[in-house]
Each structure stands twice: as structure tokens, then as C-alpha cells.
Amino acid sequence: MTIRNQDPIQLEQHGLSKRTNGLKGTLKVPGDKSITHRAIMLGGIAEGQTIVRNYLKSADCMSTVQCMRDLGVQIEERDDSLYIEGLGYSGLKEPDKVLDVGNSGTTIRLLSGLLAGLPIYTVLSGDSSIHRRPMSRVSDPLRRMGAKIIGRDGGRLAPLSINGGGTEGILYESPIASAQVKSAILLCGLHSSGTTTVTEPYLSRDHTERMLKGFGVEVRREGSTVEIQGRQTLKGTKVDVPADISSAAFMLAAAVITPNSHLTLMEVGLNPTRTGILDILERMGANVTIKNERVLTEEPIADLVVSTSNLKAVDIEGDIIPRLIDELPIIALLATQAEGTTTIKDASELRYKETDRIEAVAQQLRNIGIRVETTPDGMIIEGKQSIAGGDADSMGDHRIGMMLAVASCISDAPIKINNLSAVGISYPSFLADLDSLSE
Ligand code: S3P
């Protein structure tokens with residue numbers, strides 16, 4: 001694809017992605033974004049040193065690093081590891097500046113929970129996308145725990161200012177299956193009096209719960225209910241971050257739809273709360289094999305072998321949605337190549353991501369010649385469509401940018417992707433990696 005041997009920056013300036021004759025080789029995609037964010041935050045509030053190996057060095061995770069540094073935590077980046085000198089939860093210091101979360105929803109929502117438990121004053125701000133995303137889903141329960149949180153539009157939108165401390169445990173029934181909401185409440189619960197219990201309609205990703213155990217915290221779980229006792233101390237530890245299945249998903253999709261492809265993706269995190277994409281690929285009839293299953297610091301991992309496949313359409317709805325929410329843009333592209341019509345339902349949460357991903361995916365697919373119908377909570381996509389190419393835009397959304405670059409692998413004419421640098425939010429070497437696998 002594209003012009004060979006160019007670095008991502010040049011590709012970005014060029015912004016033009018072309019068809020490839022096949023993807024071949026072995027790749028380890030970068031570390032998991034959700035796990036990296038959590039390791040940095042928990043490392044900061046633990047006692048003693050935490051080492052995070054294979055951390056994701058992307059814009060989003062570096063926003064979390066900077067926020068924790070602004071709260072007084074010393075963090076050194078050496079080789080592929082972060083060395084975090086934890087201050088203990090109460091050791092975080094009131095910053096003398098606004099904390100900047102950049103484009104990262106996980107940073108603002110999880111940090112809100114963490115800071116709500118502390119008697120300090122903080123202000124959290126971010127980019128224009130962050131300032132559009134709903135915050136009451138975290139600020140409401142945190143207020144109920146006793147934190148004072150003010151934001152724009154009656155506290156619904158960032159910037160948020162938080163005066164925390166003196167919080168009490170809560171029994172919270174979340175109306176949505178959101179790991180960011182669950183984690184924010186649990187983090188505040190850690191420094192609150194009493195017990196904190198969160199129940200979700202379906203189980204969302206459980207990296208926080210797993211990692212807390214690694215830091216020596218007792219966590220109880222039953223079904224989609226999780227409970228912790230307040231005032232527990234975290235002990236610094238070592239975290240090995242698996243390769244991010246949400247990044248691997250783009251390579252899996254590229255290999256599946258591009259003729260003459262055969263890829264091996266190494267050490268991919270296969271936490272069952274994240275593997276909806278593998279279930280869907282299986283139901284679509286894709287050739288994906290899971291090899292060498294093992295466990296890496298509380299998280300299951302494996303190597304994935306994938307090759308070009310004939311796909312059939314699927315209906316996607318219900319409790320699988322939280323297990324593949326971030327993969328729906330690339331699944332939409334897969335659907336365009338399948339036999340039959342794919343429907344996606346129960347995914348209204350997509351409207352509150354980095355962009356309104358229902359409209360953004362549909363708009364960008366249309367820009368490259370694909371017919372897509374949107375519904376309030378999903379999409380209807382006819383299969384066996386050819387991709388014409390043309391002018392498209394990531395709209396500042398990393399996953400839309402990567403979806404378009406994958407589309408270019410089988411596009412009749414090149415795709416010009418504006419604002420392609422957004423891929424740096426979660427996968428800075430994406431274009432170089434895709435290029436290195438291209439025949
Ligand atoms: C994330 C949770 C999900 C996901 C996001 C990362 C996390 O968001 O879409 O990319 O790390 O907790 P929600 O909690 O809003 O579902």
C-alpha cells in the first residue's frame with residue numbers, strides 16, 4: 001500500500017493511501033490503551049515503585065502521564081517501560097495548573113473518580129472533542145459520594161472542577177455498561193469510607209478490577225456487580241501490558257478483506273470483556289486461529305493467525321456491544337465486504353465517543369463510495385460493495401482514520417485521508433506497520 005518505506009509523518013502529510021496486493025508477516029501491535037491508563041494511575045496512588053512494561057506510548061496515554069506528573073508523581077520513561085514512584089493515594093498534590101486530558105475520555109473520567117476521593121481542588125480540561133462528551137455519567141454518582149463537582153451546562157460538560165475528599169461508599173446501579181463509569185466510582189471508593197458497589201446492565205471491560213488485585217486490593221465480583229471496601233492501600237507492582245486487541249482489530253480486518261494475506265499478531269490481550277471482535281469474525285466466517293494462550297499479569301493473551309476470508313453478514317446487538325464497542329467502525333467496514341446485509345443495534349453509546357461514530361463512520365464510508373443507513377442506535381450495511389476511493393477525513397477520530405486506511409487496502413482508487421495524524425491517539429506507528437506488512 002501507499003508509498004513504501006516512508007515514516008508515518010510523511011505518510012500523514014501525503015495522506016494518500018492506496019491498494020495493496022496482500023498483507024504478510026508477523027507483528028506485535030502496541031500495548032493496550034485501557035490497561036496503560038490504569039497502570040499509570042494506580043502506580044501513582046500506590047506505595048512504592050511500579051514498573052509498567054510495554055506501555056502504550058500514544059497521545060492519550062501520555063496525557064495521563066502528564067496529569068499524574070502534575071499531581072506530583074515522578075514518572076520516568078526508559079526503553080519500553082515506565083518507572084512510577086507511587087506517592088500513596090493521599091500523597092497526590094494539589095496542582096497549580098489545569099490538568100489537560102487532551103483527547104482522552106478515559107483520562108478525564110477515571111481521574112475524576114480518583115480526584116473526587118481527595119481533599120484537593122483540581123480542574124480537568126481537554127480538547128474540543130472532550131468538551132462535547134457527556135460527563136454527568138461520572139459527576140452525578142461522584143457527587144452522590146460527597147464530592148463537589150462543577151462543570152459547564154450544569155456539570156454535564158468539561159472543563160470540570162473538583163473539590164473532593166470526605167467521600168462515602170455508594171451502592172450504584174449504572175444505567176449504562178461503561179468501564180469508565182465503573183472505574184471512576186471504584187477509584188473514588190478506594191479512598192472513601194465504607195463499601196462501594198457498582199452494578200452494570202452488562203459487564204464492561206474489567207481491567208480496573210483485575211489490576212487492583214495485582215496492586216494488592218481485595219475486589220469482590222459477582223456477575224456484573226463489583227464491590228470494594230474503602231481505605232485500602234495499594235502496593236507498587238510490575239505490570240506487563242499486552243498488545244491492544246482494539247489496535248490488532250484493524251490489522252485483523254485488513255488481512256481478512258485483502259486478497260493474498262496471511263498475518264500473525266503476537267501477544268494480543270484476550271480479556272473476555274474485549275473479545276467481541278473475535279466472536280464476530282468467527283460468526284462472519286473469517287479464518288482466525290488463536291494460538292499459545294497464556295496469562296500476562298492478570299490478563300489472558302494469545303497469538304492470532306489470520307488470513308484472507310470470505311465473509312458473511314451478521315446481526316450485532318445486545319450484550320456483545322460493550323465487548324466490541326471500539327471495534328464497530330472497523331466492523332462496519334468488514335460488513336461492506338460480506339455476503340448479505342449486516343445490522344448493528346443497541347449501540348447508541350457510539351454517539352458519545354471521540355466523534356458521533358454512527359454518523360462519522362457512515363459519512364466517511366459514503367465519501368469513499370459505500371452505501372450505509374444509520375439508525376438511532378446503529379447501522380444497516382449492505383455487503384459486497386466495492387470501495388471507489390476519494391476524499392475522506394478522520395474527523396480527528398483515531399479509529400475512523402485507521403478504518404479509512406484499512407479500506408484503502410482494497411480501494412479501486414486511492415483514498416485521500418485528511419487529519420490522518422489522529423491515529424497517534426492510540427496507535428502512532430499504525431501507518432508504518434500497515435506499510436511494512438504490505439506486499
Ligand atoms: C474504556 C472504556 C470504553 C471504551 C474506551 C476505553 C476504558 O468507554 O470505549 O475506548 O478504558 O475504560 P466507555 O466506558 O464509555 O464504554
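Numbering of ligands and ligand atoms starts at 1, following listing order. Below, all heavy atoms of this structure are taken into account, side chains as well, without hydrogens, waters or symmetry copies.
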Heavy atom of Arg205 under 4.0 Å from ligand 1? yes

Of all protein heavy atoms, the one nearest atom 1 (C) of ligand 1 is Gln180 NE2, 3.6 Å

With side-chain contact (heavy atoms from CB on, under 4.5 Å) as the test, would you mind laying out the steps for Gln364 and Asp393 before giving the verdict? CA-CA 7 Å; Gln364 296 314 314; Asp393 198 316; 4.0 Å; yes

Of Arg274, Lys33, Lys28, the one forming a salt bridge (charged side-chain N to carboxylate O under 4.0 Å, His left out) with Asp244 is Arg274

Within 4.0 Å of some non-hydrogen atom of Ala179, the atoms of ligand 1 are 12 (O), 14 (O)

min-distance protein heavy atom vs atom 14 (O) of ligand 1 -> Ser178 OG, 2.6 Å

Any Leu333 side-chain heavy atom under 4.5 Å of Ile387 side chain:
yes

Using modelled atom types and a 3.5 Å cut-off, is there a donor and acceptor pairing between side-chain atoms of Ser136 and backbone atoms of Arg156? no

Among non-hydrogen protein atoms, atom 11 (O) of ligand 1 lies closest to Ser34 OG, 2.7 Å

Is there a side-chain contact between Lys182 and Leu203 (heavy atoms, below 4.5 Å)? yes

- Query: Can a non-hydrogen atom of Arg38 be found less than 4.0 Å from any atom of ligand 1?
  - Reply: yes

If we number the atoms of ligand 1 from 1 as shown, the ones under 4.0 Å from a heavy atom of Lys353 are 3 (C), 4 (C), 8 (O), 9 (O), 13 (P), 15 (O), 16 (O)

Checking heavy-atom distances from atom 4 (C) of ligand 1 to each of Asp60, Leu110, Leu350, Asp326, the winner is Asp326

Ligand 1 atoms nearer than 4.0 angstrom to some heavy atom of Ile325 are 9 (O)

#### Entry: N-O pairing of Arg205 and Asp32 below 4.0 Å
no

Worksheet entry | Trace of the salt bridge (charged side-chain N to carboxylate O under 4.0 Å, His left out) decision for Lys353 with Asp397 | CA-CA 9 Å; Lys353 297 296 176 187; Asp397 185 329; over 6 Å; no

